[in-house]
Novice: 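Sharing a structure, written as structure tokens. Questions coming.
Order of the sequence lines sets the chain letters (A, B, ...), proteins ahead of strands, with each chain counted from 1.
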There are 2 protein chains.
Amino acid sequence: MTYAKVLTALADPTRRHIFETLLEHPMTVGELAKNQPVSRPAVSQHLKVLESAKLVRVKPQGNRRLYIIKHDGLNELRQYLESFWSDALSAYSAEITQQMKNK
Amino acid sequence: MTYAKVLTALADPTRRHIFETLLEHPMTVGELAKNQPVSRPAVSQHLKVLESAKLVRVKPQGNRRLYIIKHDGLNELRQYLESFWSDALSAYSAEITQQMKNK
DNA sequence: CTTTTGCGTAAGTCATGACTTACTGTAAGT
DNA sequence: ACTTACAGTAAGTCATGACTTACGCAAAAG
């Protein structure tokens, strides 16, 4: 049921930007905040959300905290999406749509 | 760039419920509202959002309006998600994660 | 040991968006 | 024609959540 968290996490543009930045390479909070139009605490709060959605992971390194991409959340979301295609009921719906195109 | 709209559209639980209900079979607004804890106008507003995210389609039938699932929005979102895997930069990130597991 | 650096947390503000109850309009039924 | 059914729109309320500044705490630096 984490796909719900993933959806809300990625629905926010700032959070998406943070996530996509981390996709390039792991980064600390301070570094992330520099590439962002928002304050450092805001970034911290966003990272908290991303973490609970299993989209990122923390690696504390002494003073600093390195944030790293984690694919678990994305996998959950992908699975949720794929259920829409594999679903037999979905197929029924597609059939209706097809019928309508022919009219 | 519609994937953003799709994400916000599916981030809302009520909207997800409406969408998943339509997945079973096409339905009118009134029918949808009956299976929902919210009012009919609320459903109408949600359908508007789902429509602009290319997740549903309307088929006016005389007095009523039949709403039908549309896969375009989901396809856009899926494409967005897949870019995270195919991305070379993502691969780099995955490598780092792997290195960390070994520690 | 004091200072600085790096982050998380608290608390409060402000905008957005998810609802509600009217109201309006259009098609169907009598 | 008149009424009833179906649904979108307007307008207003209320909660949530995205931000800010201020603060506290631990690790590094001096």
Novice: Checking side-chain contact (heavy atoms from CB on, under 4.5 Å) against A:Phe19, which of A:Leu47, A:Thr14, A:Ile69 comes through?
Specialist: A:Ile69

Novice: Would you kindly give the CZ-to-C1' distance between A:Arg65 and C:dG6, to the nearest whole Å?
Specialist: 10 Å

Novice: When hydrophobic residues are tied together by side-chain contacts of less than 4.5 Å, even through go-betweens, does B:Leu32 share a cluster with B:Val38?
Specialist: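 Yes, it is one cluster - the side chains of B:Leu32 and B:Val38 are joined through contacts under 4.5 Å.
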
Novice: Let me know the distance between CG of A:Leu47 and P of C:dG8, rounded to the nearest Å.
Specialist: 7 Å

Novice: Between B:Ala42 and A:Glu31, which residue's closest nucleotide on DNA chain C lies nearer the 5′ terminus?
Specialist: A:Glu31

Novice: Side-chain N or O of A:Arg40 less than 4.0 angstrom from OP1 or OP2 on C:dG8?
Specialist: no

Novice: Please report the interatomic distance CD(A:Glu51) to NE2(A:His46), rounded to the nearest 0.5 Å.
Specialist: 14.5 Å

Novice: For B:Asn63 and C:dT30, what is the distance between atoms CG and P respectively, to the nearest whole Å?
Specialist: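 Rounded to whole Å, this separation is 13 Å.
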
Novice: For A:Ile68 and A:Pro26, which heavy atoms make the closest approach, and how far apart are they?
Specialist: CG1-CB, 3.7 Å

Novice: Following the transitive rule for hydrophobic clusters with a side-chain heavy-atom cut-off under 4.5 Å over Ile, Leu, Val, Met, Phe, Trp and Tyr, establish whether A:Phe84 and B:Leu22 coincide in one cluster.
Specialist: yes

Novice: Along DNA chain D, 5' to 3', what are the outermost nucleotides having an atom less than 4.0 Å from a heavy atom of chain A?
Specialist: D:dA18 to D:dA28

Novice: NZ of A:Lys59 versus P of C:dC7: gap in Å, rounded?
Specialist: 16 Å

Novice: Parallel, tilted or perpendicular: which one describes the rings of B:Tyr80 and B:Tyr3, with boundaries at 30° and 60°?
Specialist: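 The rings of B:Tyr80 and B:Tyr3 lie parallel, inter-plane angle below 30°.
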
Novice: Are A:Tyr67 and C:dG8 close enough that a side-chain N or O sits under 4.0 Å from OP1 or OP2?
Specialist: yes

Novice: Taking all heavy atoms of B:Ala11 and all of A:Thr8, pick out the closest pair and write down the distance.
Specialist: O-CG2, 3.6 Å

Novice: Residues from residues 8-18 of chain B sitting under 4.0 Å of DNA chain D, heavy atoms only?
Specialist: none

Novice: Look at atom CZ of B:Arg16 and say whether more than 12 heavy atoms of other residues, nucleotides or ligands are closer to it than 6.0 Å.
Specialist: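 Enclosed: over 12 neighbouring heavy atoms sit under 6.0 Å from CZ of B:Arg16.
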
